[in-house]
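Quick caveat: nothing in here was measured; it's all calculated off a predicted structure. Atom set for the values below is all heavy atoms of this structure, side chains included, hydrogens, waters and symmetry mates excluded.
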Amino acid sequence: MKIKLPYGRSHITLELEKLNSKIITSKKVDIIENLRAALINKLQNPAESPPLNKIAEKADEILVVIPDKTRAFPSKLILPEVLQTIKEANPNAKIKILIATGLHKPHTHKEIFEIVGKEIFRNYEVSSHNAEDPSTTVNLNRKTSYGTPVIVNGEVMKSDLVIGLGLIEPHFFAGYSGGRKTILPGVAGKEAIYMNHSYRMITHPNARYGFLSGNPVHEDMVEFMKMTKLDFIVNVTINGEKKVTGIFCGDPIKAHIQGAKFLNSYAKVQVMEKADIAIVTNGGYPLDRNLYQAVKGMATGEQVVKKGGVIVIVAECKEGLGGHEEFHDIFLKAKNPDDVDRIIRKMEPIKDQWEAQILARILKKATVIAVTDMNQSTLEDMLIKPASNIEEALQEARRIVGKNSPNIVVVPEGPYIIPES
């Protein structure tokens, strides 16, 4: 059988015998055919909130926070309608757009243009959050119950109305993206992100895909959001082809929970038996643009592979490390995954330690082989075995597990699904 694996903007074809092989995909779900009409309806009939036009009427300064370049959020489709709704309700409002980069690098003008399109780029003030620039953040001199200092982009606190646009998808330690993540880590200061993503938080057994209740990372994000400002969200869910399946507007908590429950209806998939070899992707472009993001796909593989098995990650990684040099540096100091843990515990906070911590956890369970376009020596630094193509990766995986007919599970959608045992 032939299986298409998303790879950048294209795909790689994998050929497997049906015997001992299984493909895990999300359940079929309808897409929203008339997106504009559905969005207008949701903006007018949000969850646990007045309509957007009503809450925008009396706001002088309005901040719209949008996802960064690594997310498959359809900004060019959603953002114009949100801005139009605001302008019609309040023509004199001063509107700013802020890209929620978290600790990712601030975007270039070209990258901002790609996200929002020509008209919005030319007619609105669009900036990129920089968590490491203290001149752009404010410290509210408060802490959450988890000890996270409430430091956030100053535009959030000076605005009369803050609207968060986002994508609700499975997240490998926050449970789901979207909602409260717009604020933390999206537009939070670096100290806040370090605490929320600390070794202790990431180690918690509920800091996993699909968990909200009892997940300290999520609960801390909610507390942080309540101590700052997020008034209204416009979140969407997508399918494996990145088509919009649902729109969830209104109260940042209630609308987000609605979206997560809807996502579960098709993204949660039962996996009855762990595999010797798990072949996963990072969902293609834009999530597979760098190795840092590709850990998410590996974490999906972690959920379906046996202890001592092999995870083959297929991700283009055209940007290599994607500017996450600290992620690489942690591994340069380590000889094995246990060393990575020791380094983080001894030296934290370290930028990007959470990604290194999760990769180390995955490597303790399984060997990781990567099919990418990036430098092979960098992969080896990260204790990942490079492969030139999928056939070579599969051959090496079979050698490692030492079986003539290993059980193979393929997850073409990668981190966009939630495997459950």
Side-chain angles (χ1 to χ4, degrees), residues 59-71 75 79 83 93-116 120-144 146-166 180-198 201 220-231 233 252 290 292 319 321-327 329 347-355:
D60 294 325
E61 295 193 23
I62 299 175
L63 182 68
V64 182
V65 186
I66 66 173
D68 75 1
K69 66 178 183 178
T70 63
R71 302 303 190 257
S75 292
L79 183 57
L83 295 174
K94 183 179 180 182
I95 304 169
K96 292 183 180 179
I97 300 168
L98 181 63
I99 299 174
T101 52
L103 268 171
H104 304 165
K105 281 194 171 183
H107 291 8
T108 64
H109 289 300
K110 182 179 179 182
E111 289 169 335
I112 293 173
F113 185 96
E114 182 182 344
I115 292 170
V116 302
I120 292 173
F121 184 83
R122 288 181 175 177
N123 294 298
Y124 288 86
E125 181 181 332
V126 187
S127 61
S128 199
H129 174 64
N130 186 347
E132 299 182 270
D133 181 359
S135 70
T136 65
T137 59
V138 293
N139 189 335
L140 302 189
N141 296 311
R142 300 179 67 189
K143 289 185 177 181
T144 68
Y146 291 91
T148 299
V150 184
I151 304 171
V152 70
N153 190 290
E155 294 294 340
V156 171
M157 301 312 298
K158 68 183 285 190
S159 298
D160 302 308
L161 175 63
V162 179
I163 303 164
L165 276 55
R180 72 288 182 240
K181 253 182 124 273
T182 292
I183 304 298
L184 175 65
V187 293
K190 66 176 182 179
E191 299 88 350
I193 301 171
Y194 287 154
M195 184 59 75
N196 179 261
H197 294 17
S198 68
M201 298 285 265
D220 189 43
M221 289 174 176
V222 171
E223 282 189 39
F224 189 96
M225 177 193 72
K226 289 179 178 179
M227 291 180 178
T228 55
K229 192 170 180 63
L230 182 60
D231 302 294
I233 65 169
N290 62 60
Y292 178 88
E319 295 177 356
L321 290 165
H324 295 274
E325 284 76 18
E326 291 85 354
F327 171 50
D329 291 344
M347 299 179 65
E348 74 170 322
I350 312 168
K351 185 178 179 182
D352 295 335
Q353 68 178 57
W354 42 93
E355 214 79 2

Engineer: side-chain contact (heavy atoms from CB on, under 4.5 Å), that's the test. Do Val116 and Leu79 meet it? Break it down for me.
Structural biologist: CA-CA 8 Å; Val116 302; Leu79 183 57; 4.0 Å; yes
Engineer: May I ask you to decide if Ala93's main-chain N or O and Asp60's side chain share a donor-acceptor pair within less than 3.5 Å?
Structural biologist: no
Engineer: For Asn153, run the side-chain contact (heavy atoms from CB on, under 4.5 Å) check against Val187, Thr228, Val162, Val138 and tell me which one passes.
Structural biologist: Val187
Engineer: Could you work out, with salt bridge (charged side-chain N to carboxylate O under 4.0 Å, His left out) as the rule, every residue matching Glu155, not counting sequence neighbours?
Structural biologist: Lys96
Engineer: Write down the atom of Ile193, the atom of Ala131, and the distance for their closest heavy-atom approach.
Structural biologist: CD1-CB, 4.0 Å
Engineer: Output, in order, the C-alpha distance, side-chain angles, deciding distance and verdict of side-chain contact (heavy atoms from CB on, under 4.5 Å) for Trp354 and Phe327.
Structural biologist: CA-CA 9 Å; Trp354 42 93; Phe327 171 50; over 6 Å; no
Engineer: Nearest heavy-atom pair of Leu165 and Pro67: which atoms, and what distance?
Structural biologist: O-CD, 3.4 Å
Engineer: Can you name the salt bridge (charged side-chain N to carboxylate O under 4.0 Å, His left out) partners of Glu111, sequence neighbours left out?
Structural biologist: Lys69
Engineer: For the residue pair Val152 and Met157, establish whether any side-chain heavy-atom pair is separated by less than 4.5 Å.
Structural biologist: yes
Engineer: Rounded at 0.5 Å granularity, tell me how far OG in Ser198 sits from CD in Glu348.
Structural biologist: 5.5 Å
Engineer: Are Val156 and Leu63 packed together at the side-chain level, in the sense that at least one heavy-atom pair is separated by less than 4.5 angstrom?
Structural biologist: yes
Engineer: Answer whether the closest heavy-atom distance between the side chains of Ile115 and Ile66 falls below 4.5 Å.
Structural biologist: yes
Engineer: Could you pull out all residues at least two apart from Asp68 that satisfy side chain to side chain contact (heavy atoms under 4.5 Å, CB included)?
Structural biologist: Thr70, Arg71, Ile99, Thr101, His104, His107
Engineer: Ignoring hydrogens, what is the shortest heavy-atom contact between Pro185 and Met221? Give both atom names and the distance.
Structural biologist: CD-CE, 3.9 Å
Engineer: Who passes ring-ring contact (aromatic ring centres under 6.0 Å, His included) against Phe224, sequence neighbours left out?
Structural biologist: none
Engineer: Could you pull out all residues at least two apart from Glu325 that satisfy salt bridge (charged side-chain N to carboxylate O under 4.0 Å, His left out)?
Structural biologist: none
Engineer: In Å, rounded to the nearest 0.5 Å, how long is the span from OG1 of Thr182 to CD1 of Ile163?
Structural biologist: 11.5 Å
Engineer: Output the distance between atom OH (Tyr292) and atom CG (Leu103), rounded to the nearest 0.5 Å.
Structural biologist: 7.0 Å
Engineer: Residues in ring-ring contact (aromatic ring centres under 6.0 Å, His included) with Phe113, at least two apart?
Structural biologist: Phe121
Engineer: So which atom in Glu319 and which in Asn290 form the shortest heavy-atom distance, rounded to 0.1 Å?
Structural biologist: OE1-ND2, 3.9 Å
Engineer: Which residues pass the side chain to side chain contact (heavy atoms under 4.5 Å, CB included) test with Asp133, sequence neighbours left out?
Structural biologist: Asn130, Ser135, Thr136
Engineer: For Lys190, what residues pass the side chain to side chain donor-acceptor pair (under 3.5 Å) criterion, not counting sequence neighbours?
Structural biologist: none
Engineer: Out of curiosity, Ile95 CD1 to Leu83 CG, how far, rounded to the nearest 0.5 Å?
Structural biologist: 5.5 Å
Engineer: Partners of Glu132 by salt bridge (charged side-chain N to carboxylate O under 4.0 Å, His left out), sequence neighbours excluded?
Structural biologist: Lys351
Engineer: Glu355: what forms a side chain to side chain donor-acceptor pair (under 3.5 Å) with it, not counting sequence neighbours?
Structural biologist: none
Engineer: Atom OG in Ser127, atom CD1 in Ile97: separation rounded to 0.5 Å?
Structural biologist: 9.0 Å
Engineer: Could you state the interatomic distance from NZ (Lys143) to CD (Glu191), rounded to the nearest 0.5 Å?
Structural biologist: 11.0 Å
Engineer: If you look at every heavy atom in Gly189 and Thr137, which pair is closest and at what distance?
Structural biologist: CA-CG2, 4.2 Å
Engineer: Kindly write out the residues that satisfy side chain to side chain contact (heavy atoms under 4.5 Å, CB included) with Asp220, not counting sequence neighbours, or none if the list is empty.
Structural biologist: Thr144, Tyr146, Thr148, Leu184, Asn196, Met201
Engineer: Quick one: ring-ring contact (aromatic ring centres under 6.0 Å, His included) partners of His129, sequence neighbours excluded?
Structural biologist: none
Engineer: State, to 0.1 Å, how close Ala192 and Pro149 come at their nearest heavy-atom pair, and which atoms those are.
Structural biologist: CB-O, 3.3 Å
